Amino acid sequence: MTGAVTIIGGGLAGCEAAWQIAGRGVRVVLREMKPQRYSPAHHLSGLAELVCSNSLRGESLENAVGLLKEELRRAGSLIMAAADATRVPAGGALAVDRELFSSYVTERIEGHPLIELVREEVTELPAEGVLVIASGPLTSDALAERLKQITGDSLYFYDAIAPIVAADSLDSDKVFRASRYGKGDGDDYLNCPLSEEEYERFVDAVLAAEKVPARDFEKVVHFEGCMPVEEMAERGRETLRFGPLKPVGLTDPRTGREPHAVVQLRAENREGTLFNLVGFQTKLTWPEQRRVFRMIPGLESAEFVRLGSMHRNTFINAPTLLEPTFRLKGDPRTFFAGQITGVEGYVESAGSGFLAGINSARLVRGEDPAVPPPVTALGALVAHITTAPARHFQPMNVNYGLFPPLEGKVKKKDRRGRLAERALAELDHWLATV
Ligand SMILES: Cc1cc2nc3c(=O)[nH]c(=O)nc-3n(C[C@H](O)[C@H](O)[C@H](O)COP(=O)(O)OP(=O)(O)OC[C@H]3O[C@@H](n4cnc5c(N)ncnc54)[C@H](O)[C@@H]3O)c2cc1C
């Protein structure tokens, strides 16, 4: 196959890249190791698997991740089309049925005449042709070794995932339906209210519970956006109440009051038979998770269909290694995309896949690489991977420099709305050129 782009990894970034490349008339070979081999966090045989929360986070155009979604929609994103087609209720957030989401993407990729999907682990980098490396934070060991040879400084740390419970095992006398401030349909979440006494007991139990020990040779650094509950509890007794257990905007119908603390559960599937504990990534041992989380009112008899766990995370030092086009400096045929570049989050990964995808296709077609305007959320993503030294230690989805060039130049009261309007206008203009 001549003039084709090889992509390693059929996750969020790899699938978006494949879709964009093929959409520009360039052939793609997409190499995905599942189902031959699974990372510790992947379980579905399909492509674009959401490994932790099923939420793609907020939709508001007035924050970076909401604007990025709208920009990707306008750019013809496969990931956003899949999310819109498979969404489940989640207040102001965009959450999806993860199996339907993965199936949607898999069918589109398999059905595209310019995409060849090869299901096997890549252990050697191809010697020629344009390459997009999108093997994600859980890149297989053999490939990670190869990447070290070209990047020199891959890094490792842990990430943690949240448990899922069966809806029919919850105590409906204690759990109440509502979303914060009545957003969405107003009753998208199940809420477990805790009194002050119950909260204090819970914090004590979390602090005292047995954790999976970290191995000496690996650093334990967590993304702020995916911090384990026990780590938050260690920062202070009130930290959880200002984090995942915050009660604001929620009224317990039994008391007519805001509880002292609330654990929220979000639907995992359309049928509403499975719910995840929002923000409850953890590295407590499995028996301790069952014991401690069953102390939450309403979860006393909870059946855990998945327990939380921790994983190694692999990524490169993007600010020193990549150009703004997502291309490896000094190696014109190699691009990186997705969380392996240090961007964190499903939508951010898709955004970087979009950019690496259009630029690798442009390279094959003999066109110049294209970089989005800095005022857009896609542009902010580029700035994030290229300009900040040691940025790879920080959570990229929490603050990736919202529209840096315009911040402060518009009146405060309508700053965000006007910035979003301006960003979308500039993006439309740019998209017409690529
Ligand atoms: C444990 C964990 C929890 C997370 N939770 C959240 C969350 O709640 N919300 C959020 O927004 N983001 C979350 N993230 C981040 C999010 O998962 C990633 O940003 C996103 O999935 C990354 O997309 P990606 O395409 O870069 O990688 P992935 O989606 O992981 O895709 C990489 C693909 O490459 C394949 N692969 C790996 N090695 C090889 C190889 N050698 N050969 C062939 N194929 C290979 C894998 O099987 C996988 O399918 C989490 C990440 C992790 C690790």
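Note that the structure is a prediction, hence the values are computed from the model and not measured. Order of listing sets the numbers, starting from 1, for every ligand and every atom in it. Only heavy atoms go into these numbers, but all of them, side chains included; no hydrogens, no water, no symmetry mates.
Of all atoms in ligand 1, numbered sequentially from 1 with element shown, those under 4.0 Å from a heavy atom of A13 are 25 (O). In the vicinity of P137, heavy-atom distances shorter than 4.0 Å reach the ligand 1 atoms 27 (O), 30 (O), 53 (C). Atoms of ligand 1 lying under 4.0 Å from at least one heavy atom of A134, given by number and element, are 32 (C), 34 (O). Every atom of ligand 1 is numbered from 1 in the order shown, and the set under 4.0 Å from a heavy atom of R31 is 43 (C), 44 (N). Heavy-atom proximity to G338, at under 4.0 Å, picks out these atoms of ligand 1: 26 (O). Shown in contact with E121 at under 4.0 Å from a heavy atom are these atoms of ligand 1, numbered in order with element: 41 (N), 42 (N). For ligand 1, the atoms sitting less than 4.0 Å from at least one non-hydrogen atom of G136 are 26 (O), 27 (O), 32 (C), numbered in the order shown with element in parentheses.
The residue A142 has no part lying near ligand 1, judged by heavy-atom distances below 4.0 Å. Counting heavy atoms under 4.0 Å from ligand 1, residue V51 touches it through the side chain alone. Residue H42 touches ligand 1 through its side chain alone, judged by heavy-atom distances below 4.0 Å. Looking at Q339 against ligand 1, both its backbone and its side chain come within 4.0 Å, counting heavy atoms. Residue contacts with ligand 1, taken as heavy atom pairs separated by less than 4.0 Å, involve L12 via backbone and side-chain atoms alike. Residue S349 touches ligand 1 through its side chain alone, judged by heavy-atom distances below 4.0 Å.
Between S55 and ligand 1, a contact under 3.5 Å exists for no N or O pair. Between S140 and ligand 1, at least one pair of N/O atoms sits closer than 3.5 Å. The N/O atoms of M33, backbone and side chain alike, include one that comes under 3.5 Å of an N/O atom in ligand 1. Looking at G345 next to ligand 1, an N or O pair under 3.5 Å apart turns up. Residue K34 has no N or O atom closer than 3.5 Å to an N or O atom of ligand 1.
Salt bridge annotation for E116-R27: absent, with no cationic side-chain nitrogen under 4.0 angstrom from a carboxylate oxygen. Under the 4.0 Å criterion applied to side-chain N and carboxylate O atoms, R87 and E59 are assigned as salt-bridge partners. Taking the charged nitrogens against the carboxylate oxygens, E348 and R57 do have a contact shorter than 4.0 Å, which makes a salt bridge. Between E70 and R74, at least one side-chain N (NZ, or NE/NH1/NH2) sits under 4.0 Å from a carboxylate O, which counts as a salt bridge.
The backbone N or O of E210 sits less than 3.5 Å from a side-chain atom of E288, completing a donor-acceptor pair. Remark: side-chain polar atoms of E230 are paired, donor with acceptor, to backbone N or O of K283 under 3.5 angstrom.
Taking the six-membered ring for Trp and thresholds of 30 and 60 degrees, F280 and F202 have ring planes inclined between 30 and 60 degrees apart. The aromatic rings of F293 and F304 lie tilted to each other, with the angle between the two planes from 30° to 60°.
Atom OG1 of T325 and atom CD1 of I385 lie 8.0 Å apart (nearest 0.5 Å).
Counting heavy atoms only, Y346 comes closest to atom 9 (N) of ligand 1 of the residues Y346, F336, F315. Compare S135, S102, A41 by their heavy atoms: the one nearest to atom 32 (C) of ligand 1 is in S135.
Only one option out of M33, R31, K34 pairs with R119 in a side chain to side chain contact (heavy atoms under 4.5 Å, CB included); it is K34. When each of R266, E268, E303 is tested with I164 by the rule side chain to side chain contact (heavy atoms under 4.5 Å, CB included), just one qualifies, namely E268. Applying side chain to side chain contact (heavy atoms under 4.5 Å, CB included) to R327 and the options T334, L322, L363 leaves one that passes, L363.
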